[in-house]
Q: 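Would you mind keeping the following structure in view while I ask a few things?
Positions are given from 1 along the sequence. Computation of the quantities below employed the complete heavy-atom set of this structure, encompassing side-chain atoms and omitting hydrogens, waters and symmetry-equivalent molecules.
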Amino acid sequence: MDILQSIDRTRLPKHIAIIMDGNGRWAKERGQDRVYGHHEGVLSVREIVNGCAEIGIQYLTLYAFSTENWNRPKEEVNALMELLVNTIRKEVEELKKNNIKLHVIGDIESLPEVCQRELAEAKEITAGNNGLNLILALSYSSRWEIVEAAKKLAKDAMEGKLKPEDIDDKTFHSYLNTAEFPDPELMIRTSGEYRISNFLVYQLAYAEFYFTPVHWPEFRKPNLYEALLDYQQRERRFGKTSEQIQTTPQHA
Ligand code: FPP
């Protein structure tokens, strides 16, 4: 049986989050510059987005540019911004056709204006779609997001819109960039690093983590299917015992 057929479609994660790592190393290993790796990485983005849409994943968040990535050499930052603009421009009709709805999280105002415009346009073009929700994390970091949420909460509390004692998990979540999305159940990181690098720290509280040594430009549909199979072999207990879990359905 091929790997795709082994996946149980009734037990898919609703939301997958991916740290696309290893573009630079992949390129270096081939005697190329880092930007070449990012270009090849876009091919993986396309394949994984389509793979998720085909199999029925509802939300896919891709960590495309962190707040820390601004500290990279200027040429690399510029190349990444240009790649982002060109990719969105080129792919938007395909996203529309494939019923994919684009969202963006992060400090969008810190992006070059041309990026902001292209993203806003692509969001508008795909706004009526109701298939896969593709969420690009751009100029994003969890600490930034949490601090922003805390500032807005403090402001609303000062203005009497909510009482500090009424703040619970649900209220806090509603102040995050990801308020409209469910938490990811599966986080994938490519390229052999075992950390989450300031990515969805709050939202990944109960996620299953899948780490693979494969560099992002080589991460394609079969690798995605392997991650899904691995996920389906895990027992998600949410603090309960194994016995309790076995008497209640996990994916209800
Ligand atoms: C990590 O590899 C990758 C990035 C910082 C950028 C990811 C961007 C893309 C895949 C292309 C643009 C994306 C979209 C959504 C159009 P790295 O450079 O950190 O690799 P290294 O760890 O080997 O140096």
Q: Quick one: salt bridge (Lys or Arg N to Asp or Glu O under 4.0 Å) partners of Arg220, sequence neighbours excluded?
A: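 Here the qualifying residues are Glu47.
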Q: Step by step, work out the salt bridge (charged side-chain N to carboxylate O under 4.0 Å, His left out) result for Arg195 and Glu193.
A: CA-CA 6 Å; Arg195 50 178 181 266; Glu193 307 289 355; 3.3 Å; yes
Q: Rounded to the nearest 0.5 Å, what separation is found between the CD atom of Glu76 and the CG atom of Leu83?
A: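 Spacing of CD (Glu76) from CG (Leu83) equals 11.0 Å.
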Q: Can you list the other members of the hydrophobic cluster that holds Trp144, where links are side-chain heavy atoms under 4.5 angstrom apart?
A: none
Q: For Tyr225, what residues pass the ring pair (Phe, Tyr, Trp, His ring centres under 6.0 Å) criterion, not counting sequence neighbours?
A: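 Ring pair (Phe, Tyr, Trp, His ring centres under 6.0 Å) check on Tyr225 returns nothing, list empty.
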Q: Asn198 versus Glu68: any side-chain heavy-atom pair under 4.5 Å?
A: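 A side-chain contact under 4.5 Å exists here.
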Q: Share the residues that join Trp26 in a hydrophobic cluster, the rule being Ile, Leu, Val, Met, Phe, Trp or Tyr side chains under 4.5 Å apart at the heavy-atom level.
A: Tyr36
Q: State whether the side chain of Asn177 and the backbone N or O of Ile105 hold a donor-acceptor pair below 3.5 Å, judged by distance alone.
A: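 Judged by distance alone, no pair lies under 3.5 Å.
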Q: Just jot down the salt bridge (Lys or Arg N to Asp or Glu O under 4.0 Å) partners of Glu91, sequence neighbours excluded, or say none.
A: Arg46
Q: Check whether any side-chain heavy atom of Phe209 sits under 4.5 Å from a side-chain heavy atom of Leu186, and report yes or no.
A: no
Q: How about Tyr206 and Asp183: do any of their side-chain heavy atoms sit closer than 4.5 Å?
A: no
Q: Just wondering, more than 12 heavy atoms not from Glu124 lying within 6.0 Å of its CD?
A: no
Q: For Asp107, which residues count as a salt bridge (Lys or Arg N to Asp or Glu O under 4.0 Å) partner, sequence neighbours excluded?
A: none
Q: I'd like to check Leu229 versus Ile7 (side-chain heavy atoms, cut-off strictly below 4.5 Å). Are they in contact?
A: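 Yes; the side chains approach each other to less than 4.5 Å.
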Q: Using only atom types and a distance under 3.5 Å, with no angle test, would you say the side chain of Gln58 pairs donor to acceptor with the backbone of Gly131?
A: no
Q: Checking His103 against Tyr59 for the ring pair (Phe, Tyr, Trp, His ring centres under 6.0 Å) test, could you report, in this order, the C-alpha distance in whole Å, the side-chain angles of both residues, the deciding distance, and whether it holds?
A: CA-CA 10 Å; His103 307 262; Tyr59 299 86; 7.5 Å; no
Q: Tell me which pairs pass salt bridge (charged side-chain N to carboxylate O under 4.0 Å, His left out) where either residue lies in residues 131-140, with sequence neighbours left out.
A: none
Q: Are the side chain of Thr241 and the backbone of Gln244 linked by a donor-acceptor contact shorter than 3.5 Å?
A: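 At least one qualifying donor-acceptor pair exists.
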Q: Closer than 3.5 angstrom, by distance alone: can the side chain of Arg11 be matched with the main-chain N or O of Gln232 as a donor-acceptor pair?
A: yes
Q: Under a single-linkage rule joining Ile, Leu, Val, Met, Phe, Trp and Tyr whose side-chain heavy atoms are separated by less than 4.5 Å, which residues share a cluster with Val85?
A: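 Traced through the cluster, Val85 reaches Val114.
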Q: Do you see a donor-acceptor pair shorter than 3.5 Å between the side chains of His215 and Glu29?
A: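 Per modelled atom types, His215 and Glu29 side chains form a pair under 3.5 Å.
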Q: Can you name the nearest heavy-atom pair linking Thr67 to Ser139, along with the distance?
A: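 Heavy atoms only, the tightest pair is CG2-O, 3.4 Å.
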Q: Distance check, rounded to the nearest 0.5 Å: Leu224 atom CG versus Ile16 atom CD1?
A: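 These two atoms lie 5.5 Å from each other.
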Q: Quick one: which residue pairs count as a salt bridge (charged side-chain N to carboxylate O under 4.0 Å, His left out) with a foot in residues 133-147, not counting sequence neighbours?
A: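 Qualifying pairs, neighbours excluded: none.
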Q: Indicate if Ile55 and Ile48 have the same hydrophobic cluster label, given that clusters are the connected sets of ILVMFWY residues with side-chain heavy-atom separations under 4.5 angstrom.
A: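 Yes, one cluster joins them.
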Q: Atom CD1 in Ile100, atom NZ in Lys96: separation rounded to 0.5 Å?
A: 13.5 Å
Q: Where do Lys152 and Asp156 land on the salt bridge (charged side-chain N to carboxylate O under 4.0 Å, His left out) test, with the steps shown first?
A: CA-CA 6 Å; Lys152 284 184 218 136; Asp156 283 355; over 6 Å; no
Q: Taking Asp21's backbone N and O only, do any of them form a donor-acceptor pair with Thr190's side chain (distance below 3.5 Å, no angle check)?
A: yes
Q: Is Lys101 close to Leu132 at the side-chain level, that is, under 4.5 Å between some pair of heavy atoms?
A: no
Q: Mind checking ring pair (Phe, Tyr, Trp, His ring centres under 6.0 Å) for Phe199 and listing every partner two or more places apart, or none if nothing turns up?
A: Tyr63
Q: Kindly indicate, with the supporting measurements, whether the criterion salt bridge (charged side-chain N to carboxylate O under 4.0 Å, His left out) is fulfilled by Lys155 and Glu159.
A: CA-CA 6 Å; Lys155 187 166 174 285; Glu159 290 171 3; 3.4 Å; yes
Q: For the CD atom of Glu185 and the CG atom of Leu12, what is their distance to the nearest 0.5 Å?
A: 9.5 Å
Q: Would you give the length of the straight line joining atom CD of Glu54 to atom NZ of Lys221, rounded to the nearest 0.5 angstrom?
A: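 Result: 3.5 Å between the selected atoms.
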Q: Tell me, please, which residues at least two apart from His38 pass ring pair (Phe, Tyr, Trp, His ring centres under 6.0 Å).
A: none
Q: Assess the side chains of Ser66 and Asn69: does a donor N or O sit below 3.5 Å from an acceptor N or O?
A: yes
Q: Mind listing the closest non-hydrogen atom pair of Ala27 and Gly37 along with its distance?
A: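 Minimum heavy-atom contact is CB-N, 3.6 Å.
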Q: So how far is it from Ser44 OG to Trp216 CH2, rounded to the nearest 0.5 Å?
A: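 Ser44 OG to Trp216 CH2: 5.5 Å, rounded to 0.5 Å.
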Q: Glu82 versus Asn86: any side-chain heavy-atom pair under 4.5 Å?
A: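 Yes, their side chains come closer than 4.5 Å.
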Q: With heavy-atom distances below 4.5 Å as the criterion, would you say the side chains of Leu138 and Leu111 are in contact?
A: yes
Q: Clusters formed by hydrophobic residues whose side-chain heavy atoms approach within less than 4.5 Å: which one holds Leu176, and what are its other members?
A: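 Joined to Leu176, directly or through intermediates: Ile146, Leu153, Leu162, Ile167, Phe172, Tyr175, Tyr202.
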